[in-house]
There are 2 protein chains.
Amino acid sequence: MAQEEVPSQDPALPATAYAVLGLLSFGQEVTGYDLRKWAMNMRYFYWSPAQSQIYLELRRLLQHGLVEVHLEEQKSRPDKRLYRITDAGLKVFRDWLDHAPVGPPLLKHSVALRLFFGHQTNHGRLREVLTEYRDWAVEQTNGLTLLRTDLDQALPYPALVATWGSAYFAAEITAIDTVLADLDRMETGQREQD
Amino acid sequence: MAQEEVPSQDPALPATAYAVLGLLSFGQEVTGYDLRKWAMNMRYFYWSPAQSQIYLELRRLLQHGLVEVHLEEQKSRPDKRLYRITDAGLKVFRDWLDHAPVGPPLLKHSVALRLFFGHQTNHGRLREVLTEYRDWAVEQTNGLTLLRTDLDQALPYPALVATWGSAYFAAEITAIDTVLADLDRMETGQREQD
DNA sequence: GTGCCCATGTAAACCGTTACATGATTCC
DNA sequence: GGAATCATGTAACGGTTTACATGGGCAC
């Protein structure tokens, strides 16, 4: 067994690697560039890594024998590297899906953080920040509903996630409205405490 | 001006540094150890960094002159390093609060990711994963309501965030229930397509 | 003709995690 | 008696970001 590609048993891959494997598990043959675009459609619930990171993960998966490449020459442009998942890769991915422990979502909500520290800011600015976030959330729901029409019957599980995402953003919007109303009450309530 | 501590103008601190500064902006004199416990109460909306990271940020803030320390000797235990925010630190923090651009929350929802790839797993396991996440979300709401009783009038802004957090987890729970019901429908619907 | 899209890749910097080390005190 | 708490810190490792580089095709 010289230096042939031996699919190692427990590669202990980083989370991003599994995300890439999962995208490839849909069966298409795609480039790293394509993957990045797909990943951006998932940004609603899973933060997309930098583009350079995706290329790195693909190389790693290749070394582990979990994906395979086939080159497609292009004149005056870097050759296309079309990746496809291997049987070994599919097995590793399914093992991860079925056996990985359930972890909590990783959330860093900078807007909530700024509200938390509201005692150091002026209400005017705080209001701006919250409103801007609310607008952003509205945009996200719009983007998601657009996406969902594309998915619906063709990709049922992604469609479920899209529905979930819509509910999430809807909740954020009403939560912001509640906060905004509470801020009002705090301001006017300061002079008339019973 | 030899090598005295010159508070640099635009330190461009990492997000964690501002979180630490913000906690210190409540005015108390605390240790890194205390900060870590406080940060854990914020894990509902802002992922707590590792303990070693907090100590590192404190040293960095000290170098920038944004916090100051005073030692408290302890026998048979590392000396307490009690940190307090400086005027410069408070200024930097307020500048950040009032001028930092509004960024989207950073979310990596591993459970949603696994639902997204549902075509590669069996429904039984998928159900388990979702249910386990649901249970976790219920725990979080319980923890939050406990917290909120402590905060309420004393810390109004953190209380607002706690309320927001409760709404968030409640939304997650009903979203999971919807997904679970949809999965049922997908299973039974497979044989009786009209 | 300016700017975005394609398509890959390298390099440096660094945030952040994990693991380890210490050692008395306090709670069950 | 064992485990958790207090209280800080170091070292290794690696995931991730940011910046940079290339260069033709295509749309407005």
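Chain letters run A, B, ... following the sequence lines, proteins first, then strands; residues in each count from 1. As the structure is a computational prediction, the values presented were derived from the model and not from experiment.
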Does OP1 or OP2 of [N] have a side-chain N or O of [X] closer than 4.0 Å?
| X | N | answer |
| --- | --- | --- |
| K108(B) | dT16(D) | yes |
| R81(B) | dC6(D) | no |
| Y33(A) | dT8(C) | no |
| Y55(A) | dT8(C) | yes |
| R59(A) | dT8(C) | no |

Distance-only donor-acceptor test, Q53(B) side-chain atoms vs dT17(C) base atoms, 3.5 Å: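 There is none.
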
Validation row, ring centre W164(B) to ring centre H109(A) under 6.0 Å: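 Yes, they do, as the ring centres are separated by less than 6.0 Å.
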
H119(B) and F26(A) aromatic centres sub-6.0 Å: yes

In whole Å, I'd like the distance from the [atom1] atom of [X] to the [atom2] atom of [N].
| X | N | atom1 | atom2 | result |
| --- | --- | --- | --- | --- |
| E73(B) | dT8(D) | CD | P | 14 Å |
| Q51(B) | dT18(C) | CD | P | 12 Å |
| D34(A) | dA7(C) | CG | P | 7 Å |
| L62(B) | dT8(D) | CG | C1' | 15 Å |
| K80(B) | dT25(C) | NZ | C1' | 13 Å |
| I54(B) | dT10(D) | CD1 | C1' | 17 Å |
| Y18(A) | dG15(D) | OH | P | 12 Å |
| L58(B) | dT10(D) | CG | C1' | 16 Å |

Proximal nucleotide (of dA7(D), dG16(C), dG15(D)) relative to the R60(A) side chain: dG15(D)

Touch class at under 4.0 angstrom, heavy-atom based, for S52(A) against every strand present: base

Quick check: does any side chain N or O of [X] sit under 3.5 Å from a backbone N or O of [Y], one acting as donor and the other as acceptor?
| X | Y | answer |
| --- | --- | --- |
| S48(A) | A39(A) | yes |
| R43(B) | M40(B) | yes |
| Q120(B) | S25(A) | yes |

Polar side chain donor-acceptor pair, S166(A) to R148(A), under 3.5 angstrom: yes

Polar contact flag, side-chain donor to acceptor under 3.5 angstrom, Y133(A)-E172(A):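 There is such a pair between these side chains.
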
Most 5' of G32(B) and P14(A) on DNA chain D, judged by nearest nucleotide: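 Closest to the 5' end, via its nearest nucleotide, is G32(B).
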
Strand contacts (DNA chain C) in residues 36-50 of chain B, 4.0 angstrom heavy-atom criterion: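 Correct list: W47(B), S48(B), P49(B), A50(B).
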
